[in-house]
2 protein chains.
Amino acid sequence: MARAGLTADRLTQAAAELADEVGFENVTVSALARHFGVKDASLYSHIRNAHDLRVRLAVLALAELADRVADALAGRSGKDALVAFANAYRRYAHEHPGRYTATQMALDPDTAATSAAGKHAEMTRAILRGYDLWEPDQTDAVRLLHSTFHGYVSLERAGAFHSHPRGVEASWTRALDGLDSLLRSWPA
Amino acid sequence: MARAGLTADRLTQAAAELADEVGFENVTVSALARHFGVKDASLYSHIRNAHDLRVRLAVLALAELADRVADALAGRSGKDALVAFANAYRRYAHEHPGRYTATQMALDPDTAATSAAGKHAEMTRAILRGYDLWEPDQTDAVRLLHSTFHGYVSLERAGAFHSHPRGVEASWTRALDGLDSLLRSWPA
DNA sequence: TAGGCTTGCCTAGAGGTCCTAGGCAAATTA
DNA sequence: TAATTTGCCTAGGACCTCTAGGCAAGCCTA
């Protein structure tokens with residue numbers, strides 16, 4: 001029999017595609033094994049366990065998201081940068097729902113430090129260079145922005161905004177306008 | 001043998017306590033059966049399946065959260081109401097992590113309409129009576145507030161703010177200050 | 001209080017996921 | 001080509017979900 005040629009990376013990549021198709025919570029070792037036409041037990045020489053697989057997926061997604069956002073940010077500043085960041089973030093979540101859910105996994109400090117999770121906050125900070133903010137206001141603003149972006153796409157996907165006809169796009173644009181205006185006149 | 005006296009309500013209540021202890025994703029039919037000292041199969045005359053159990057838990061948590069927030073809001077207005085709302089929301093999430101996770105379940109439109117999910121948006125709207133906002137700005141503001149609150153507690157619990165020493169409480173207070181100031185000068 | 005009825009919890013069992021131990025054969029190295 | 005490493009296998013245990021069918025506890029009615 002020819003071998004399937006599994007590696008941790010190929011498994012993680014396939015897990016990411018699977019996550020977007022069937023949802024993060026349905027990314028299972030067995031499903032992944034089925035996808036490669038091998039037995040479940042075969043995967044355990046490449047990944048430690050199901051949790052390890054999900055962590056790898058989370059790290060992959062965080063790196064992808066950071067790349068997308070970095071691209072969007074290139075050469076922009078001020079409100080332009082804020083909007084580009086936010087839209088890139090939200091677009092990634094929409095295009096890759098399973099991967100995005102993975103980015104919300106609680107990672108242990110070690111993994112988080114190694115992964116692109118930190119890069120994320122760093123880039124949010126880059127946005128703020130267009131505004132007149134210094135520590136500790138900067139950290140507060142980073143947290144506020146991140147919270148709002150994540151909260152919005154998270155609620156949007158949970159269907160929390162369906163109850164009202166007002167367009168979800170319009171509210172998003174207004175939220176960004178609001179945040180821009182808030183950053184420009186950050187209260188003392 | 002004496003009967004255990006199970007009902008859907010008692011199961012849901014116990015599931016809520018279990019969720020806060022071991023996490024929402026570990027709320028399982030078997031664990032619940034163990035808690036009552038009965039066999040798993042016995043639960044299926046009270047709940048349809050595991051998903052049904054989790055939906056009931058979500059509905060319970062949404063109702064509790066709505067109650068807490070309503071209490072906090074009583075007799076307050078303006079920034080006072082905003083802060084009370086936000087703190088009640090966040091405190092519930094901290095005190096009942098499993099239940100709070102349950103509130104984020106995607107409910108089908110029917111269930112969502114019946115449950116307290118709608119009451120939530122309605123109360124957020126009550127806050128805004130202290131500010132000078134009218135449709136569609138009001139809906140946009142409701143969505144922004146809800147997003148920020150949810151995003152903040154969600155990231156906080158995922159450990160996203162651990163990387164920086166700046167106090168999580170301080171950033172939260174600043175976020176509320178910021179939102180208040182934003183609502184008072186909502187850009188046109 | 002004795003019968004019948006409803007209903008609650010039971011046993012039995014099938015199917016799925018997670019994971020370990022140990023084996024054989026393919027690929028790599030000497 | 002022989003030795004070693006490595007990859008995927010079979011076998012099997014533990015746990016979770018859910019269905020079908022059974023027995024008896026507790027309720028009605030007479």
Side-chain angles (χ1 to χ4, degrees), chain A residues 1-60 97-99 101-102 105-108 111, chain B residues 1-60 97-99 101-102 105-108 111:
Chain A
M1 286 292 286
R3 295 192 180 179
L6 305 181
T7 63
D9 282 351
R10 285 193 65 199
L11 287 176
T12 308
Q13 188 60 46
E17 287 156 23
L18 189 61
D20 289 336
E21 282 164 26
V22 303
F24 179 68
E25 68 285 358
N26 293 319
V27 173
T28 147
V29 176
S30 337
L32 205 54
R34 268 194 301 279
H35 175 263
F36 283 102
V38 301
K39 301 293 172 183
D40 340 2
S42 306
L43 303 197
Y44 288 90
S45 26
H46 304 283
I47 55 169
R48 260 218 305 282
N49 49 40
H51 181 253
D52 177 45
L53 173 65
R54 296 196 180 98
V55 169
R56 286 169 187 271
L57 171 49
V59 171
L60 169 77
R99 284 161 155 102
T101 304
M105 262 193 75
L107 300 178
D108 62 299
T111 316
Chain B
M1 287 292 285
R3 298 192 178 178
L6 306 180
T7 62
D9 282 351
R10 284 193 66 197
L11 288 176
T12 308
Q13 188 61 45
E17 286 156 23
L18 189 62
D20 289 336
E21 282 164 27
V22 302
F24 179 67
E25 68 284 357
N26 293 318
V27 172
T28 146
V29 176
S30 335
L32 205 53
R34 266 195 302 279
H35 175 264
F36 283 101
V38 301
K39 302 292 172 183
D40 339 3
S42 306
L43 303 197
Y44 289 89
S45 25
H46 303 282
I47 55 169
R48 260 217 305 283
N49 50 40
H51 181 254
D52 177 45
L53 174 65
R54 296 195 180 100
V55 168
R56 285 168 190 271
L57 171 49
V59 171
L60 169 76
R99 284 160 156 101
T101 303
M105 264 194 73
L107 299 178
D108 62 296
T111 315

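The sequence lines fix the lettering, A, B, ..., with proteins before strands; numbering per chain opens at 1.
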Closest nucleotide among D:dC8, D:dT17, C:dC9 to the B:His46 side chain: C:dC9
Phosphate contact (D:dC15 OP1 or OP2) by B:Ser30 side-chain N/O below 4.0 Å: no
Rounded distance (nearest 0.5 Å) linking atom NE2 of B:His35 with atom CZ of B:Arg10: 8.5 Å
Rounded distance (Å) that lies between atom C1' of D:dT17 and atom CD of B:Glu25: 17 Å
B:Arg34 vs D:dC15: side-chain N/O to OP1/OP2 distance below 4.0 Å: no
Between CG on residue B:Leu11 and NE2 on residue B:His46, distance to nearest 0.5 Å: 6.0 Å
Euclidean distance, atom CG of residue B:Asn49 to atom C1' of D:dC16 [Å, nearest integer]: 13 Å
Distance in angstrom units between B:Lys39 NZ and D:dC18 P, rounded: 18 Å
B:Arg48 vs D:dC18: side-chain N/O to OP1/OP2 distance below 4.0 Å: no
Shortest side-chain distance from A:Asp40, nucleotide among D:dT17, D:dG7, C:dC18: C:dC18
Gap between atom CD of B:Gln13 and atom CG of B:Leu57 - 0.5 Å precision: 9.5 Å
Atom pair distance, as rounded to whole Å: CG in A:Asp9 and P in D:dG7: 13 Å
Sugar-phosphate only, base, or nothing, as touched by B:Ala41 at under 4.0 Å among non-hydrogen atoms: base
Exam field: side chain B:Arg54 to backbone B:Val27, donor-acceptor pair closer than 3.5 Å: yes
Atom pair distance, as rounded to whole Å: CG in B:Leu43 and C1' in C:dG8: 11 Å
Whole angstrom value for the distance that separates P of D:dC15 from CG of B:Leu32: 18 Å
Phosphate OP1/OP2 of C:dC18: any A:His51 side-chain N/O under 4.0 Å: no
For atom OH of B:Tyr44 and atom P of D:dG21, their distance in whole Å: 18 Å
Residue A:Leu6, side-chain heavy atoms: nucleotide from C:dA21, D:dC8, D:dC16 that is nearest: D:dC8
Short side-chain N/O contact to C:dG8 OP1/OP2 from B:Ser42, under 4.0 Å: no
N or O in side chain of A:Ser45 less than 4.0 angstrom from D:dC8 OP1/OP2: no
Separation of B:Thr28 OG1 from B:Arg34 CZ (nearest 0.5 Å): 6.5 Å
Value in whole Å for how far the P atom of C:dC19 lies from CD1 of A:Ile47: 8 Å
